[in-house]
Amino acid sequence: MSAEDAFPITRAEIVALFMESMLFGAFTVLFTIAIWILLYREKVRGRSTTNRVLCATSTAMWLLSVAHLAIDVTRAIKGFAVGGQAVGGTEAFYARINDPTDVAKNAVYLVMTLLADSFVSYRLYIVWNRARWVLIVPVLLLIATTVAGFGVCIEIGLTKPGDPIFANNLQPWIRAFFALSLTTNLFATVLITGRIMWANRRVREYRANSAVTGSHWEVIETMIQSAAIYSAALIAVLGTYLANSNAQYVCLDSIQPLIGIVFTLIIIRVGLASTMNDSVRGGSGDGLPHHHRGAHRSAAPGQLQTIGGHTYPLQPVVINVSVSRVRDGDGDADADGVSFDAFGSEGKERHVVDDVESGKMSPE
C-alpha cells in the first residue's frame, strides 16, 4: 500500500491545518503571558539585555508562526476552493511541491528552526559564563543545519511537477536537516543542565540550607521537559518521513507553533517563579521600581524559610510574657528575700506580678 493510499495528502493537509491552528492559538496565549512577564520584570528590575533578547525572539517567533499559518490558509483556499472545482484538482495542487507557496512555507520553517537553535546556543553561552569555547560545536552544527535547510529549499524549488517529497534527491538533505537540528538541541540541553547541576552542587557545599537549590531544580526540570517536547516532535517528523508517510505533513506543520510554545513556556515557568520570589523577598524584587526601593528592607540572611521550593522571609514577632508568682511567708524574709509585705494587713495572700520585660514588680 502506497503512502497516498494509506493516508491521502488532502486528508493530511486538512489535519495539519487543524493542528497548526490549535497550537497557534495556544502559542498566542502563552506569547501574551510571556511578554507581560518580561515587561513586568523590566519595570521591577530595570532594563536588561536578556529581557530585550527574549522579547525580540518571542515576537519574531510569533510573527513567523503567523506567516506560516497565513501561507497554509492560502494554500487551503487554492487547493480546495479553486483547485477543487476540477476533478483531482486538489490532489494535483498539493502534489506540486515546487509551488511558490510551498517553497515559501518551507523557508519560513527554516528561519524558525534556525532562530530557535540560535537561541539555544545563546542560552548555553550565557549559562557557561560567556565562555566562547563552549559555542564551537553548537555553531558548527548551526552552520551545517543552515546549509542543509537551504539545500532542501533549493532542491524543492528545482523539482518537476509530480515529483514526490520522498524523492531520492531530497531525502539526504531533509534527513540531514532534522538530524542536525535534533543534535543541536540535545547537545545544548545536556550542557546547560550539567552546568546548572554543577553550580547547584557548589552552592550546597557552602550553604547547606540554601534556598537556591529548589529554584535550580525547577530550571533543570523546565529545560529537560522543553527539550523532550521539541525532540519528540523532531523525531516524529523524521520517523514519518523515513516511513514515506504523508503524516509527516501533520508533524511538520505542528512543529512551527510548537517551537514558540516550548520557548515561551520556559520564560513563563522561570519568570513566574522569579516574580513570586521577588514579591515575598523584597529587596531587588519588591515590586517597586529602583528609585522606590530605598524605603524597603529585605529580611536578614538566615531568616528565610523554604516551603514548596519558594522562599519566604521570617519577620520578627514581639511576645510579651507576664508571670504570676504566689509566695507563702511566715513573717520572715524567705530565701529569695521576699518579705511578709506580700501579704495584706489582714493576713490575706496577695499576688505579685513580675513584668519579665521591664523587671518591675507590681501588685495584682
Next on the checklist: If the threshold is 4.0 Å, N to carboxylate O, is there a salt bridge linking Asp163 and Arg96?
Outcome noted: no
Spell out, as yes or no, whether a donor-acceptor pair under 3.5 Å connects the side chain of [X] to the backbone of [Y].
X      : Y      : result
Thr184 : Pro138 : no
Thr189 : Leu186 : no
Trp173 : Cys153 : no
Ser245 : Tyr241 : no
Glu155 : Leu170 : no
Thr57  : Leu54  : no

Item to check | Identified side chain to side chain contact (heavy atoms under 4.5 Å, CB included) counterpart of Arg195 within the set Val190, Leu124, Asn129 | outcome: Asn129
Could you tell me the separation between the [atom1] atom of [X] and the [atom2] atom of [Y], rounded to the nearest 0.5 Å?
X      : Y      : atom1 : atom2 : value
Leu30  : Ile35  : CG    : CD1   : 11.5 Å
Asp72  : Ile77  : CG    : CD1   : 11.5 Å
Leu234 : Leu180 : CG    : CG    : 11.0 Å
Ile165 : Ile156 : CD1   : CD1   : 4.0 Å
Met197 : Ile192 : CE    : CD1   : 14.0 Å
Ser226 : Asn185 : OG    : CG    : 10.5 Å

Is [Y] close to [X] at the side-chain level, that is, under 4.5 Å between some pair of heavy atoms?
X      : Y      : answer
Phe119 : Val53  : yes
Val139 : Ser121 : no
Phe31  : Thr59  : yes
Gln248 : Leu242 : no
Phe178 : Leu252 : yes
Ile259 : Phe263 : no

Checklist entry - What do the steps show when you test Asn98 against Lys160 for side-chain contact (heavy atoms from CB on, under 4.5 Å), and what is the final call? => result CA-CA 7 Å; Asn98 62 344; Lys160 298 177 181 179; 5.9 Å; no
Tell me whether [Y] is reachable from [X] by hopping between hydrophobic residues (I, L, V, M, F, W, Y) whose side-chain heavy atoms are closer than 4.5 Å.
X      : Y      : answer
Ile126 : Ile196 : yes
Val111 : Ile154 : no
Leu110 : Leu158 : no
Ile229 : Val120 : no
Ile97  : Val82  : no

What closest approach, in Å, do [X] and [Y] show between heavy atoms, and which atom pair accounts for it?
X      : Y      : value
Leu114 : Ser118 : O-OG, 2.6 Å
Cys251 : Val237 : CB-CG2, 3.4 Å
Gly260 : Met61  : CA-SD, 4.1 Å
Leu258 : Ala233 : CD2-CB, 3.6 Å
Thr10  : Glu91  : CG2-CG, 3.8 Å
Gly79  : Thr90  : O-OG1, 2.7 Å

Next on the checklist: salt bridge (Lys or Arg N to Asp or Glu O under 4.0 Å) for Lys105 and Asp253? Distances and angles first, verdict last.
Outcome noted: CA-CA 10 Å; Lys105 171 183 171 180; Asp253 288 351; 3.0 Å; yes
Item to check | side-chain contact (heavy atoms from CB on, under 4.5 Å) assessment of Leu135 paired with Tyr122 | outcome: CA-CA 8 Å; Leu135 289 176; Tyr122 172 76; over 6 Å; no
Item to check | Derivation and outcome, side-chain contact (heavy atoms from CB on, under 4.5 Å), residues Phe166 and Ile174 | outcome: CA-CA 9 Å; Phe166 309 106; Ile174 296 178; over 6 Å; no
Identify every side-chain donor-acceptor pair in residues 13-27 under 3.5 Å, counting partners at least two apart or on other chains, and give the distances.
| residue | atom | partner | partner atom | Å |
| --- | --- | --- | --- | --- |
| Glu20 | OE2 | His68 | ND1 | 2.6 |
| Glu20 | OE2 | Leu69 | N | 3.4 |
| Ser21 | OG | Leu17 | O | 2.8 |

Checklist entry - So with a 6.0 Å cut-off around CZ of Arg11, is the heavy-atom count from everything else above 12? => result no
Next on the checklist: How about CZ on Phe150, more than 12 heavy atoms from neighbouring residues, nucleotides or ligands closer than 6.0 Å, or not?
Outcome noted: no
Item to check | Centroid-centroid under 6.0 Å between Tyr40 and Trp36 rings | outcome: yes
Next on the checklist: Is it the case that the ring center of Phe80 lies less than 6.0 angstrom away from the ring center of Tyr94?
Outcome noted: yes
Checklist entry - What do the steps show when you test Ile33 against Thr264 for side-chain contact (heavy atoms from CB on, under 4.5 Å), and what is the final call? => result CA-CA 8 Å; Ile33 298 174; Thr264 51; over 6 Å; no
Checklist entry - So, Ser181 and Asp117: side-chain donor and acceptor under 3.5 Å apart, yes or no? => result yes
